[in-house]
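One-based numbering, in listed order, for ligands and for the atoms of each.
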Amino acid sequence: MTPHINANEGDIAETVIMPGDPLRAKYIAKTYLKDYKTVNTVRNMLGYTGYYNGKRVTVMASGMGIPSMGIYSYELYKFYNVENIIRIGTAGSYREDLKIFDIVLATSSHSESSYAKVLYGETEKIVEATAFLTKKLETTAKSLNIKVKKIRVNSTDAFYNETEVPTIMVQKYGCEAAEMEAFALFHNAKYFNKNAACILTISDNLITGEETTSEERETKLDQMIKIALETI
Ligand code: HPA
């Protein structure tokens, strides 16, 4: 056990699907997994291990933001022998033509966060996802006839953001959407020589002001969830 995860050794599968929201983890387990059991309850950061099409998988929440994702993915890779983490989540679009409910794959993340500098002495502001795992998600989406776009995300520390102006993020850094966790996940995977990928559904558009409702977010994320599950 770790300070934040009360699963026993062996309770967690080789591949973990990580939504931000613990209730989404619960929804995925209840809706899609067979013979699942609860493997984490600390701080209600719920985790479940079960079977999808006969394949053992864990679904566990990361919480919101780089520090939270940083803790959970670090502990999963280091102490639970997890090999693959697929983050599933939502993002705010920086482009007019990247619309709500579009699905994107984050091939890299840019961040002003100090997370990688503090932990690994790494000062690069851009970090890549694991190419082969990202490719697998892309191939799965294609086979399910679901369109996905590959983009760089901005992993921001501030949801209510006054300075990271969308047009500048696109022009200067090539970021097409904002989210808050991929940077920590990708860095931890790189450090431990493990695999990480990130698939996101656009939940709001920071240019047009288009938004999804919380009810829509409850039900319309299933395409992305299916892509992640079918990929394992
Ligand atoms: N900013 C950061 N993270 C997000 C957003 C956003 O606008 N939308 C969904 N996750």
K.L.:
Consider only side-chain N and O atoms of T156 and N161, and report whether a donor and an acceptor are under 3.5 Å apart.
P.N.:
yes

K.L.:
Determine which pairs satisfy salt bridge (charged side-chain N to carboxylate O under 4.0 Å, His left out) with at least one residue from residues 183-196, sequence neighbours left out, and list them in order.
P.N.:
E83-K194, E122-K190

K.L.:
Using distance alone, with no hydrogens and no angle criterion, decide if E179 and S155 have a side-chain donor and acceptor under 3.5 Å apart.
P.N.:
yes

K.L.:
Applying a heavy-atom distance cut-off of 4.0 Å, which protein residues contact ligand 1?
P.N.:
T90, A91, G92, T156, F159, A178, E179, M180, S203, D204, L206

K.L.:
Against the six-membered ring of Y51, is K34 placed for a cation-pi contact (under 6.0 Å from the centre, within 45° of the normal)?
P.N.:
no

K.L.:
Start with the C-alpha gap between N188 and Y120, add the side-chain angles, then the distance that decides, and say whether side chain to side chain donor-acceptor pair (under 3.5 Å) holds.
P.N.:
CA-CA 9 Å; N188 286 343; Y120 302 125; 2.7 Å; yes

K.L.:
Looking only at side-chain N and O atoms, does T140 offer a donor or acceptor that is under 3.5 Å from a partner on T231?
P.N.:
yes

